[in-house]
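A short worksheet on the structure shown next.
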Amino acid sequence: MRVLVKGAGVAGLTAAFELAARGAAVTVAEARQGLAGNASWMAGGMLAPWCERESAGQPVLDLGRDAADWWDAVLPGHVTRAGTLVLAMPRDVGELDRFASRTLGHRRVDEDEIALLEPDLAGRFRRGLFFPGEAHLDPRRAMATLHEKLAGSGVEFRFGMDAQHMMGFDREIDCTGMASRDERLRGVRGEMLILRAPDISLSRPVRLLHPRLPLYLAPRADHHFMAGATMIESLSTGPVTARSMMELLNGAYSVHPTFGEATIVETGVGVRPAFPDNLPRVQTSGKTIAVNGLYRHGFLLAPAMACRAAELVFEPDKPVELADETDGQRRSA
Amino acid sequence: MLELYGTKLPSRLLLGTAQYPSPAILADAVKASGASAVTVSLRREMAGGGRGGEKFWSLIQSLRLHVLPNTAGCHSVKEAVTTAKMAREIFGTNWIKLEVIGNHDTLQPDVFGLVEAARILCGDGFAVFPYTTDDLVVAERLLGMGCKVLMPWCAPIGSALGPVNVTALRSMRGHFPDVPLIVDAGIGRPSHAALVMELGFDAVLLNTAVARAAEPVGMARAFGKAVDAGREAYRSGLLEPRDVAVPSTPTIGQAVFQ
């Protein structure tokens, strides 16, 4: 079985892994010259299905629940299982109650427990929510390692390649996100910053709730932090706006004023591909299977979607959930 | 029936389109509410001068309701006027919900900038729906500039406080008996919407209370009913409260004073 995977974002790489694991001869074609620059490259890397359930439909929790296990098994050492800490400034503590009432898998923490979890945040927040079952990884390291691993096991990578004219494959998996021509997709622009703040350490992603300007800080190696991410109904990939930058920095500064002394290592913009219900799809059309609509849940949902795409290739008669939109699924969202 | 700038609207509920969990839930909520008009923002989606938000805007247009574009996020007259002109081009409507924000934190309208922007836009043929405070003098000025609808807040945007100054709202209704008055911003619960409708307001515009509810579709339906209930109560003549008990069963033949 020769399979062409179009797109080397997280959906494409995980699909390539699942297909190769089932014995397919896989070629990955990526229009860009390398892994950098796609929507996955800008991701936060939070494996946080319980937190996401605050605004996402139940399928996101169902499909994402085992994501940390998948990444841990495929890329040992990449996943940090330290949970998620959700905080709010004193005047916004009502947001904590709202968040708590919409989610499961958390417990309330007070000032002392917050200090135990994140010593550098001691004394800054009186109340919070802790989601112990969640995890995170560094998306760029994970993609690079998965790429190496796949290449080492015989998966062929063709970068800078327009896959339109590549022939001779039994099946194609379209993981090109916004570049696919699905009319129902829309783009949701996300802007992010990478900060380096040598005076602070965090062990886990911290989410700061705010009625208008929510923010998360995802810790990366060597005191780097990703601050993200805006959600704007636009497919513009133009540079980060001053307002978004101010909001992200303001949020980071609210978590701890030491972020005022951080250096801004990078600003990034990505466009999340989303269907109208913000849920992902695996869709078959002829010999092509399209995996798309991962929205803000790329690393969380890609493993489950990759498994479903691979099942469609190797067990075409098995019924697959999320194969297409159903009203029932949408209502439950 | 409610008539705004010559357009008849079957429902007295107007809904905002921001902050929903997904466009699909937004569409279901709007349908459940029975709203006949929706507001949509474009200032931020236009960042960089592009039209990157077109996909979302076409989703809004596919709801087949009256679209009231807004100038949310504008802090100056110039920004608001530019955004209004873009909105007219994109949505093909001269309706504009005019917001000129004076304070980033409280989102309080800058009423001075608002009056100036209303003057420019009314002169340019726009049907201006100004988001304003409950100040009567500001309201007079807006009418003087050519506004034919007023949209006072009842509490700060997104606060869910409900009417914090019922007296001011009552007095506004009394001063402008013939101007369509729409309460915009601050509504948190269906009972708040019913209350302002009982005061005689013509319509209610809200967003956060529905969009951020646990079940936006159910909440939208509840608001639709509350707006209808408040309106019907107003038209049916509410009893004025009084200090003493009035038995609902007549007590003829008994000594009243003991």
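First the proteins, then the strands, lettered A, B, ... as listed; each starts at 1. Note: hydrogens, waters and symmetry copies are ignored here, and every other heavy atom, side chains too, is used.
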Chain A heavy atoms under 4.5 Å from B/Ile60: which part of the residue, side chain, backbone, both or neither?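 Neither part.
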Residue part contacting chain A, namely of B/Ala211, when any heavy atom lies under 4.5 Å: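 The answer is neither part of B/Ala211.
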Determine whether the side chains of A/Thr241 and A/Ser244 contain a donor N or O and an acceptor N or O closer than 3.5 Å.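 Looking only at side-chain atoms, A/Ser244 and A/Thr241 do form a donor-acceptor pair, the distance falling under 3.5 Å.
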With chain A, which of B/Pro21, B/Ser58, B/Gly158 has the greatest number of heavy-atom pairs at distances under 4.5 Å?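 Looking at each option in turn, the highest pair count goes to B/Pro21.
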Stepwise side-chain contact (heavy atoms from CB on, under 4.5 Å) test for B/Thr7 and B/His66: CA-CA 9 Å; B/Thr7 301; B/His66 294 284; 3.4 Å; yes
Could you walk me through whether B/Lys55 and A/Glu233 pass salt bridge (Lys or Arg N to Asp or Glu O under 4.0 Å), step by step? CA-CA 8 Å; B/Lys55 195 85 194 186; A/Glu233 291 285 349; over 6 Å; no
Residues two or more places apart in sequence or in another chain: which of them pass side chain to side chain contact (heavy atoms under 4.5 Å, CB included) with B/Arg119?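 Side chain to side chain contact (heavy atoms under 4.5 Å, CB included) check on B/Arg119 returns B/Glu116, B/Met145.
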Contacts of A/Val269 that satisfy side chain to side chain contact (heavy atoms under 4.5 Å, CB included) - sequence neighbours left out: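 Testing A/Val269 for side chain to side chain contact (heavy atoms under 4.5 Å, CB included), a comparison that skips the adjacent residues, returns A/Arg189, A/Glu191, A/Val240.
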How would you list, in number order, the residues of residues 175-182 of chain A that have a heavy atom less than 4.5 Å from chain B?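 Contacts with chain B: none.
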With only heavy atoms counted, which part of A/Ser101 is less than 4.5 Å from chain B, the side chain, the backbone, both or neither?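 Neither part.
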Which bit of A/Arg102 is near chain B, if near means a heavy-atom gap under 4.5 Å: side chain, backbone, both or neither?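 Side chain of A/Arg102 only, per the 4.5 Å heavy-atom cut-off to chain B.
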For atom OH of B/Tyr5, is the number of surrounding heavy atoms from other residues, nucleotides or ligands below 6.0 Å larger than 12?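 Yes, the 6.0 Å shell around OH holds more than 12 heavy atoms from other groups.
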Sequence-distant partners of B/Asn165, side-chain hydrogen bond (donor to acceptor under 3.5 Å, both in side chains), two or more places apart: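 Listed in chain order: nothing, the list is empty.
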Can you see which heavy atom on A/Phe99 is nearest to which on A/Cys51, and at what distance?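 Scanning both residues completely, I find the closest heavy atoms to be CZ-O, 3.6 Å.
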